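The structure presented is a predicted model; accordingly, all values stated were derived computationally and were not measured. For the numbers below, each heavy atom of this structure counts, side chains included, while hydrogens, waters and symmetry mates do not. In listed order, ligands and their atoms are each counted from 1.
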Amino acid sequence: MIDLDVVRSDTPSCADQVFLDSAGSSLPPRQVLDEVIGHLRREAEVGGYRAAIERLDDLEDGYRVAAGFLGCEAFEVAFTDSATRSWNLVFAALPLAQGDRILVSEVEYASNAVALLHRTAAVGASVEPIPSDETGAVDPAALRELLDERVRLVSLVHVPTNGGLVNPVREITDAAHEVGAFVLLDACQSAGQLRVRADELGVDALAVTGRKWLRGPRGTGVLVVRRPATERLRPGLVDLHGATWMAPDEIRLRDDARVYELWEFGVAERLGLLQALRYADALGVDEIAAAVADRAQRARDGLATVPGVTVHDLGRQRCGIVSFTVDGVPAEKVRDLLRERDITVTVSRVHSTLLDMTRRGLPELVRASPHYFVSPEQIDEFVAEVAALR
Ligand SMILES: *Cc1c(COP(=O)(O)O)cnc(C)c1O
């Protein structure tokens, strides 16, 4: 069990407010904050190059830390600046020709959809949604109906940006692999709140962000590309870190996932992200998942008793994102009124998960995403304040 007093004292600002936006940008533990600020200070003292050299061992060890956390080998890890960057680096590297098909879940995230539609329009490929089952999860049977050897990519969102749904990754991946499709997992909303291991999930690549459930700094992300999948990929944006200029007309690409990295990155932010990974690892990802699920379910159960409030979370298995609407009160108004009471929630709009929101006739939702550092009493306070809104 997570020691609530310890994690709360590591997160000083969590006592001043009810923070329910770890699906947006979480509160970092002080270990992360100290690392980032400490490194920025050191850069100001000795210059960025010397400061980085002093931390070379830690930076190198980071690949091992991320690999241990995400269930892959250290050479399958690249650090990036966001989940969108990670996702796009792989997608851009995947060959795509006219007539190719791409399958997506109905909770596909807008930025992924934009990249997919932008590129498929240029090459003459198609993007098709996989129907969901009655719980709202991707339906493996429906996927099997759609699969053929022209399916180049299955883009799967583990947890959507707008609700508590958890998609069944392993089943989808196994089915997709039967026809040789590449499986790219958007683990942006799952990493840090659920167990996300590439080896267990069987995916070819996965994209993660630092600032959400991992509680890392903004502007950080991780990309995992499994070794067998690299043979099918041709990295698009490579610099002198990803390749070596050997002769006037010859370069040699790196053979590990760092081929996707650029030479330049925010060292302080990277070190902060590594602290966040270590912090999560020390708590235990299964312990985190249990605590997060507990807080979220407490919120759902509480909100369900409030007249005029509807909880909209889909799925058989549910995670830390709680989505709801309040009759007669626009989502933004709910957010702003709660803000005045030091409760932070956000609004999810139709354009961030267009297929799903349109299908359900929902223009907007209020999103509350409690991490393990939110106390059960704070969840009850949140529910009481929502009840008081009407
Ligand atoms: C937030 C989010 C992203 C994008 O993450 P960035 O780090 O902002 O690039 C991708 N997918 C889902 C499901 C998200 O919620």
Applying a 4.0 Å heavy-atom criterion (strictly less than), which segment of A83 is in contact with ligand 1: side chain, backbone, both, or neither? both
Take every heavy atom of R85, measure it against each atom of ligand 1, and state whether any distance is under 4.0 Å. no
Can you tell whether the side chains of E35 and R55 come within less than 4.0 Å, N to carboxylate O? yes
I'd like to know if H158 contacts ligand 1, where contact means a heavy-atom distance under 4.0 Å to any ligand atom. no
Taking atom CD as the centre, does E250 end up with more than 12 heavy-atom neighbours from other residues, nucleotides or ligands that are less than 6.0 angstrom away? yes
Residue part near ligand 1, for T84, under 4.0 Å between non-hydrogen atoms: both
Select one of side chain, backbone, both or neither to describe which atoms of V159 lie under 4.0 Å from any atom of ligand 1, heavy atoms only. backbone
Who's the nearest protein heavy-atom neighbour of atom 11 (N) of ligand 1, and how far? D186 OD2, 2.6 Å
Would you please classify the geometry between the Y372 ring and the Y279 ring as parallel, tilted or perpendicular, with 30° and 60° separating the classes? parallel
Starting from atom 7 (O) of ligand 1, which protein heavy atom do you reach first, and at what distance in Å? T209 OG1, 2.5 Å
Given R211, K212, R218, which one has a non-hydrogen atom that is nearest to atom 2 (C) of ligand 1? K212
Contact between R360 and L314 at the side-chain level, heavy atoms closer than 4.5 Å - yes or no? yes
Going by heavy atoms in the side chains, are F324 and T310 under 4.5 Å from each other? no
Short question: side chain of E76, backbone of V224 - any donor-acceptor pair under 3.5 Å? no
Considering distance alone, does some N or O of N112 sit under 3.5 Å from an N or O of ligand 1? no
Donor-acceptor pair, S348 side chain versus N162 backbone, under 3.5 Å? no
protein heavy-atom neighbour closest to atom 5 (O) of ligand 1 works out as C188 SG, 3.3 Å
